[in-house]
Amino acid sequence: MKHSKVKTLLNSTKSNYEVTVKGWVRTFRNNQFIALNDGSTIHNLQCVVDFENTPEEILKRITTSAAVSITGNLVESKGAGQKYEIQVTKLEILGDSDAELYPIQLKNKPSLEFLREKAHLRVRTNAFSAIMRVRSVLSFAVHSYFQEKGFFYVNTPIITGSDAEGAGEMFKVTALPFDGTPRTEDGKVNYAADFFGKETNLTVSGQLEAETFAMALGQVYTFGPTFRAENSNTSRHLAEFWMIEPEVAFNDLNDNMDLAEDFIKYVIKFTVEKCADDLKFLEGRLLDEEKQKPQAERSEMTLLEKLNFVLQNDFKRVSYTEAIDILKDSTPNKKKKFQYPIEAWGADLQSEHERFLVEKHFKCPVILYDYPAKIKAFYMRLNTDTEPGKETVRAMDILFPGIGEIVGGSQREERFDVLVEKMKALGIDEQELWWYLDTRRFGSAVHSGFGLGFERLVLFVTGMTNIRDVIPFPRTPMNAEF
Ligand code: 4AD
Ligand code: MG
């Protein structure tokens, strides 16, 4: 007989029929009650074992995380907490799990840090199974949004020769040996002898390639892994993360902000509707976590209240210049509470500043735009009406409560001469980006796009606080286990 999913059975409209389920034992109480989970839902299915007629050797093998196949009658449950349960008639142990050796002992309330080291098993816990189901639904929502709007999904290369962000935080890709590396006459590594015949790296962003596609297909998006070798060991940074990058021909910066806001609201709404049980569980988890904090540091809203708040309110749009004025006059700045005090226009914003603006000042998601050209990437469109020394670019970052920057984007510099000038000034090799410059040579047009860090979105939606807990197997400095 084909087995049923726990989720289907719990939503059943009839009872008193024979079913088979397969899954993993969460708990086994009083030699009688198995809480069975098969991953289809946060909820367990209670399976009642007829212990008097079950051999002792079998009962002993019903341990946490053992894989079992259970057949029995699905009946309405007399116990509190569940609508249905199974009265077991046949129980087969598919895979034993030695209770002494199983690393995750739920009664000890394992910490998130501990579970990170058991990332191959943590997904068998309620919290991580909920997070990973939410993550899956969120990624479906991303495709659903863009496909409904007539965007095309483009798979930009993972291995590339370009540094899209010009930040030099790249992982090299090479097939050259470390011992006896071929050298040129002047002693440099001879990449001409390497696999691709040139220097290559893992991509930091698919944007530049996506731009070429936008200039033909009109509206495109990427959704794939990106890599950064920045050595920032924070709760917001991964060395390998997933980024969503839409790129749209004929969109200016305002259109870009509208798109980003609409997109974020859509995917959150989609997930709130589809993941009610998981989010309810994660909301409870967050409440428990917050109880450990002093009253003043606790969030004023529950997880679902926060998500609904984002859905119901406009994001506040503020120029960089206005933001600097607010920060300069802010209490933490005057009281020297910021680690990086804001002294003058032109300062790069640190996460402490972003979080002040979002969490203390505006108390809602904020879109900052028109940043100083000096602190942003080469491809952003230069504003023409600015004072010398105070040049700005048509950049925008979206800042979220508890997260900081969730989106970075811009209107792109479509003017060939201005772009080349900018690249020269920054020492970016025109030869290397000949193909990118071609888009400005042939049929150039206004266009815009942004990048949304998928894990930062998952953080926000699940109410988790460390980015290592929202990706299956995190890659961070000194950590690439699994
Ligand atoms: O602001 P970033 O660097 O922008 C770009 O890469 C542009 N090329 C995007 C574009 O316009 N198409 O990165 C975009 C987003 C950030 O806002 C952040 O959410 C996320 O990517 N991000 C990271 N997420 C996790 N770990 C890291 N190390 C991240 N670096 C950036
Ligand atoms: Mg950025």
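Basis for what follows: all heavy atoms, side chains included, without hydrogens, waters or symmetry-related copies. Each ligand, and each atom within it, is numbered from 1 in the order the structure gives. Here the structure is a predicted model, which is why all the values come from computation and not from measurement.
Residues F263 and F151 keep their aromatic ring centres 6.0 Å or farther apart. The aromatic ring centres of Y145 and F270 sit 6.0 Å or more apart.
Proximity to E230 (heavy-atom distance under 4.0 Å) selects the following atoms of ligand 1: 27 (C), 28 (N), 30 (N). Per-residue contacts place G409 under 4.0 angstrom from the following atoms of ligand 1 (heavy atoms of the residue considered): 11 (O). Atoms of ligand 1 lying under 4.0 Å from any heavy atom of R236, numbered from 1 in the order shown and given with element: 25 (C), 26 (N). Near S205, meaning under 4.0 Å from one of its heavy atoms, ligand 1 places the atoms 6 (O), 8 (N). The distance from ligand 1 to the heavy atoms of Y379 drops below 4.0 Å at these ligand atoms: 7 (C), 8 (N). Applying the 4.0 Å criterion to heavy atoms of G408 picks out, from ligand 1, the atoms 1 (O), 9 (C), 10 (C), 11 (O), 17 (O). Set against the non-hydrogen atoms of E165, the atoms of ligand 1 under 4.0 Å away are 3 (O), 4 (O), 5 (C), 6 (O), 7 (C), 8 (N).
Under the 4.0 Å criterion applied to side-chain N and carboxylate O atoms, E414 and R440 are not assigned as salt-bridge partners. Ionic pairing of E455 and R468 is not present here: no N-O contact between side-chain nitrogen and carboxylate oxygen is shorter than 4.0 angstrom. The pair R415-E413 meets the salt-bridge criterion, since a charged nitrogen lies less than 4.0 angstrom from a carboxylate oxygen. Salt-bridge check for D397 with K376: passed, with a basic side-chain N closer than 4.0 Å to an acidic carboxylate O. Of the charged side-chain nitrogens involved, none lies within less than 4.0 Å of a carboxylate oxygen, so that K328 and E343 do not count as a salt-bridged pair.
For atom 12 (N) of ligand 1, the nearest protein heavy atom (residue, atom name, distance) is E245 OE2, 2.7 Å. Closest to atom 16 (C) of ligand 1, if we only count protein heavy atoms, is E405 OE2, 3.2 Å. Considering only non-hydrogen protein atoms, atom 14 (C) of ligand 1 sits nearest to M243 SD, 3.4 Å. Among protein heavy atoms, the minimum distance from atom 6 (O) of ligand 1 is reached at R228 NH2, 2.9 Å. Summary of contacts: the protein heavy atom closest to atom 19 (O) of ligand 1 is I406 O, 2.8 Å. Regarding atom 15 (C) of ligand 1, its nearest protein heavy-atom neighbour is G451 O, 3.6 Å. Looking only at protein heavy atoms, the nearest one to atom 18 (C) of ligand 1 is R456 NH1, 3.6 Å. For atom 26 (N) of ligand 1, the closest heavy atom belonging to the protein is L238 N, 2.9 Å.
Of the N or O atoms in S410, none lie within a sub-3.5 Å distance of an N or O in ligand 1. Among the atoms of G453, some N or O lies under 3.5 angstrom from an N or O of ligand 1. Taking distance alone, with nitrogen or oxygen atoms compared against 3.5 Å, H237 stays at or beyond that limit from ligand 1.
Using 4.0 Å as the threshold, Y221 has no heavy atom nearer than that to any atom of ligand 1. Ligand 1 lies nowhere less than 4.0 angstrom from a heavy atom belonging to E247. Judged by the shortest distance from any of its heavy atoms, R412 lies inside the 4.0 Å radius around the atoms of ligand 1.
A donor-acceptor contact under 3.5 angstrom links the side chains of E211 and Q207, judged on distance only. Between the side chains of H353 and Y340, no donor-acceptor pair of N or O atoms lies under 3.5 Å. Side-chain contact, E391 with T386: no donor N or O sits under 3.5 Å from an acceptor N or O.
Residue nearest to atom 30 (N) of ligand 1, selected from F241, F400, F454: F241 (by heavy-atom distance).
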Requested in this report: May I have the step-by-step check of side-chain contact (heavy atoms from CB on, under 4.5 Å) for Y379 and S410, ending in yes or no?
Outcome: CA-CA 9 Å; Y379 51 71; S410 65; 3.7 Å; yes
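Side-chain contact between Y221 and Q147: present, with at least one pair of heavy atoms (C-beta onward) separated by less than 4.5 Å. Considering only heavy atoms from C-beta on, H361 stays 4.5 Å or farther from S330 through its side chain.
The Mg ion (ligand 2) is closest to atom OE2 of E405 (considering only N, O or S atoms).
At a heavy-atom distance under 4.0 Å, only backbone atoms of V407 (N, CA, C or O) approach ligand 1.
Between the side chain of Y369 and the backbone N or O of N254, no donor-acceptor pair lies under 3.5 Å.
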